[in-house]
Amino acid sequence: MASFLIPFQALFFLMLVPPQSSNGFTSLAAAAAAKEAETLLKWKASLDNKSQTLLSSWLGDTHCNWVGITCDKAGSITNLSLPNYVEGLRGNIPSEICLLKSLQWVSLVGNKISGSIPQEIGRLSSVSEIYFNHNYLSGPIPASIGSLHNLTKLHLGSNRLTGRIPGEVGMLRSLLYLDFSNNSLSGPIPESIGNLTKLVQLYLHRNELSGSIPSEIGQLGSLSDLQLSTNNLTGVIPASIGNLTSLSYLNLNGNMFSGSIPPEVGMLKSLSVLVLAKNNFSGSIPASIGNLTKLTVLFLIYNNLSGSIPPTFSNLTHLESLQLGHNHLSGQLPENLCSNGLLVNISVINNNLMGQIPTSLRDCKSLYRVRLEGNHLTGNISEAFGVYPNLNYIALSNNWFYGELSPKWGQCHNLTSLQISNNNISGKIPPELEHATQLQELDLSFNHLIGEIPKDLGSLSLMFRLLLSGNQLSGKIPLEIGVLSNLEHLNLASNDLSGPIPNQLGECSKFLSLNLSRNKLGESIPFSLSYIYGLRSLDLSQNLLVGVIPQQLGKLHTLEILDLSHNMLRGSIPIDFHYLQSLTFVNISYNQLEGPIPNIKAFHEASFDGLRNNKGLCGNATGLMPCASITSNKMGHKKRTTVTILVVLLPFGIPLLIFTLAGGFLILRQKIRNKKSESREAQLGDIFTVLGFDGRILYEKIIEATEDFSSNYCIGSGRYGNVYKAVLPMGQVVAVKKLHQHEDSMLINNLKAFESEIHALTEIRHRNVVKLHGFCSHSKHSFLVYEFMERGSLRMILSNNEEAAELDWIKRLNVVKGLANALSYMHHDHSPPIIHRDISSNNVLLDFDYEAHVSDFGTARLLNPDSSNWTSFAGTIGYTAPELAYTMKVDEKCDVYSFGVLTMEILMGRHPGDLISCLSSSLSAPEANDQKILLQGVIDQRLSPLVRQVAKDVVFATKLAFACVNGNPKFRPTMGQVAQALTHPSPQLPKPFSMIELGELFGGVPG
């Protein structure tokens, strides 16, 4: 009866209300709507000017028609959606947001919103979905968030949040998706998380969480994705995890878990991805993992696991990727690892496995990446492996394989890396390897190979690393190796090679290291080696080389290691060696060299063993006699000059005296001119104020900070000058680029134009562009002063295996995005627009947080949009757009092309080489069966294999890169389009991207 009375009484009350009172309700609704509109306008006014321009439609009282706003019938705001603006909305989330009482859905994802999340957010009682991820929010997660009882989706990932996860999160019993990833949250995972029984996805990865996983996690029976990787979690995996029977994805990578892997993991029958890598798990691998018949990915690398691989692994018939490397596993590989022919990736590197290769692996045609190195595996290598049509990478080094190399390796047409060093391989190198046309890395070092190096290897145009040292190879170095234009590392040391060093090696302009030591090479050192401007290590020791050291080698300004010892070189060390400021190690012992050593740190600090047993070296170094005093030489020269003048004057008399006096006058006039010149050049030191200093004062401070540009402070060298690290008096660290003498002289001749350009460049304000503080010019030195980047150049990081591994997929994608944002700003948001003209891995620097910054505007020009922009060639070979080969017209599309090349280099870990020409020559999408081939050359094998969303993001970035290197500039996107696409990636790319469409990487070609 009561249930009937209440509505009846309400109806009776309404009947008593006068009809005109309905206007009162309408007025109240209108007033509330107006209040909400006022709240939004106040928020808009608090944003920066550019953000206000993005919200230009927010005018008047028709707020339901504003961009990003959705209202209900009463005019109350239900949805606030402003995601993924290219430049990003800048400002804070106002506390007045609580006034939007009807708000059900709010998305600010992918902007630059900063400040803290207001406590008042807990008053949004109607909200069901919050997307604040990918912003700059800081501070703690407010406890009031626990009041949002209708909340089903909470995304706060990829911000700068700190503090603990509030226990009040456990009050969100309707929650389905929770993402706090990529922040700096600390403390334990609250036990109350177990109350979220409807939770489907829990993402807490990439934080600083500590403590153990609460056993209450086992109450999340609906959970399908659990991501706790890259934290500081400790303890053991709770047995209750076996209750998560709906779990399909479990990632605990990169923590400090210990103990054994609980057998209850085998109860997760829905699991397809299990990642327990990079922890301290010990004991044996539980046999119960063999129950996970849906498992496609299993990563247990970098633990302390021991014992044998369970034979139950034969039940994992859907397995695609198996990584067990860097443990203490023993025994043999299971026989049926690839019984269903689905295995794509296997890595058991650095264990104690022994025995022969199972037949199932020998016949596994699906294999793409194989790492078996660092074990005790044995067998005849010509019989242990078959032909793999999809194989991209195989490493068998440091095992006990024997026999001869099979010519069948040449039938692996997609193979990029073949590594079989430190085995017992004999016989000759099969020339059939030339048919493995994608081969980029060949390491056969330290075996028992004989015969000549096949000249057929010269047809492997993508080769960037060729290592054949420690064998018994004979004959001459093939001239065809000089054709390998992408070669970066060549090591033929410790063989029986003879004949001269081929001049053609100087054509390998990308060489980073060249080692021909411990052979029988004769004749002189070819001066063509000086053409390899980026060379860092040169070892020609223990050969039969004769003649003098070519003075042209002084051009190798990036050289760090030089070993010419144990030869028969004669003469003096070239004076141009004074320019080898990057040199850190030198050995010229056991030659016939004489004269002074170069006045650089590497020679002064060289050990006695590095300089001993020469004919007559002198200088300031251990074990050497000092050279004759320079002062006494000058005095002796003056005396001899005086005598010569007197002898000449006697026979020629007065006419010569007049001539001599005239000459003295000319010398005096020149000195006066020099003083005027010095006065003028001194004025150039005050071009403008830098970092709050007068130019002259800053010049003196930098000279003091670098000890007059001592090599001790040199951190890099480039085409335009050497770079030094300087700590200024106020403690600020800057990078100082001291211009080479040639650039300096050109600058003085056109100082006014350069000064104008420098002024403009100092006005650039973008987080992804290296800040140029200013420029100093002086009669002795001219230099640019830049913001200091702690991590150095992208090229240096990619070329170092340890640093490259630290630059993981997430960081690399962020580098690509940062680079795109910088170029978009330069092309579209700066007036006049700036074209860099030399985008390369050398000119992208990373700060401490691995954020990318574009640097080196040495070739940039401020362009008038109405000009034709014709110019002389500038840029780095391998990054410049192809149209510059036949026209010198520079526009924004040249930078777009370079961006595409660099993006591919970031994802591959090395320059893509001829893959670019393959792509840029095509104006249409690759055929479906070509897509896989293109992707196989993209992935950097030093990183963990790609999984899930990261894999999709890498594929998307690859699509953009392919579109950017199109041979026709008209079909390349603008950098604005690229930056926008990277901010909000979509499986379907808008035109002009749609002409390059590639299949999904994950599940097709895992890394």
Side-chain angles (χ1 to χ4, degrees), residues 533-534 555 557-558 560 579-582 681 684-685 687-691 693 695-696 698-728 732-748 750-751 753-764 768-796 822 834 836-847 852-862 874-876:
Y533 295 115
K555 297 178 181 179
H557 294 161
T558 61
E560 299 171 5
Y579 297 116
L580 301 183
Q581 298 291 334
S582 297
E681 289 173 345
L684 298 179
I687 286 181
F688 53 86
T689 302
V690 183
L691 295 171
F693 280 92
R696 184 183 302 280
L698 178 66
Y699 174 85
E700 294 171 354
K701 296 300 180 184
I702 286 179
I703 293 298
E704 180 181 347
T706 61
E707 296 181 15
D708 199 10
F709 295 106
S710 166
S711 59
N712 295 335
Y713 298 91
C714 186
I715 58 175
S717 180
R719 186 185 316 173
Y720 303 103
N722 295 332
V723 182
Y724 298 81
K725 179 180 178 181
V727 181
L728 298 180
Q732 183 170 1
V733 182
V734 296
V736 182
K737 174 168 283 190
K738 177 180 174 292
L739 299 179
H740 291 320
Q741 187 174 2
H742 175 67
E743 279 70 25
D744 195 4
S745 61
M746 290 181 63
L747 170 63
I748 297 302
N750 197 20
L751 183 62
F754 188 80
E755 178 184 346
S756 175
E757 183 170 329
I758 289 292
H759 270 296
L761 292 176
T762 56
E763 297 302 316
I764 291 178
N768 296 114
V769 176
V770 175
K771 172 65 180 169
L772 174 62
H773 294 305
F775 170 76
C776 281
S777 178
H778 190 273
S779 58
K780 187 177 180 183
H781 303 298
S782 294
F783 50 79
L784 297 155
V785 184
Y786 289 99
E787 176 184 11
F788 180 73
M789 292 290 124
E790 294 86 348
R791 302 272 182 192
S793 75
L794 179 61
R795 177 173 181 176
M796 294 290 288
I834 299 175
H836 190 286
R837 302 203 310 167
D838 195 12
I839 294 295
S840 70
S841 54
N842 264 333
N843 292 334
V844 175
L845 306 181
L846 303 187
D847 61 19
H853 301 260
V854 177
S855 74
D856 202 339
F857 293 83
T859 60
R861 292 293 178 267
L862 300 175
T876 301

**Q.** Counterpart residues, side chain to side chain contact (heavy atoms under 4.5 Å, CB included), relative to V727 (two or more places apart)
**A.** V733
Q: Return the minimal non-hydrogen interatomic distance between N843 and D838, and the atom names on each side.
A: ND2-O, 2.7 Å
**Q.** Y713 backbone acceptor or donor facing S710 side chain under 3.5 Å
**A.** no
Q) About how many Å separate CG of L580 and OG1 of T558, when rounded to the nearest 0.5 Å? A) 9.5 Å
Q.
Could you work out, with side-chain hydrogen bond (donor to acceptor under 3.5 Å, both in side chains) as the rule, every residue matching N842, not counting sequence neighbours?
A. none
Q: Give the minimum heavy-atom separation between A822 and V769, together with the two atoms involved.
A: CB-CG2, 3.9 Å
Q. If you measure from NE2 on H853 to CG on L794, what distance do you get to the nearest 0.5 Å?
A. 12.0 Å
Q) In Å and rounded to the nearest 0.5 Å, what is the OG to CD1 distance from S855 to I839? A) 8.5 Å
Q: Using ring pair (Phe, Tyr, Trp, His ring centres under 6.0 Å) as the criterion, list what pairs up with F709, not counting sequence neighbours.
A: Y724, H781, F783
Q. Under 3.5 Å, is there a donor-acceptor pair between the side chain of S582 and the main chain of E560?
A. no
Q. Of all heavy-atom pairs between L846 and M789, which one has the smallest distance, and what is that distance?
A. O-CB, 3.6 Å
Q. Side-chain contact, heavy-atom cut-off 4.5 Å: K738 with T706?
A. no
Q) By side-chain hydrogen bond (donor to acceptor under 3.5 Å, both in side chains), which residues pair with S841, not counting sequence neighbours? A) Y879, E905
Q: Provide the full list of salt bridge (Lys or Arg N to Asp or Glu O under 4.0 Å) pairs with a residue in residues 781-795, sequence neighbours left out, each pair given once.
A: none
Q. Which residues pass the side chain to side chain contact (heavy atoms under 4.5 Å, CB included) test with A705, sequence neighbours left out?
A. A726
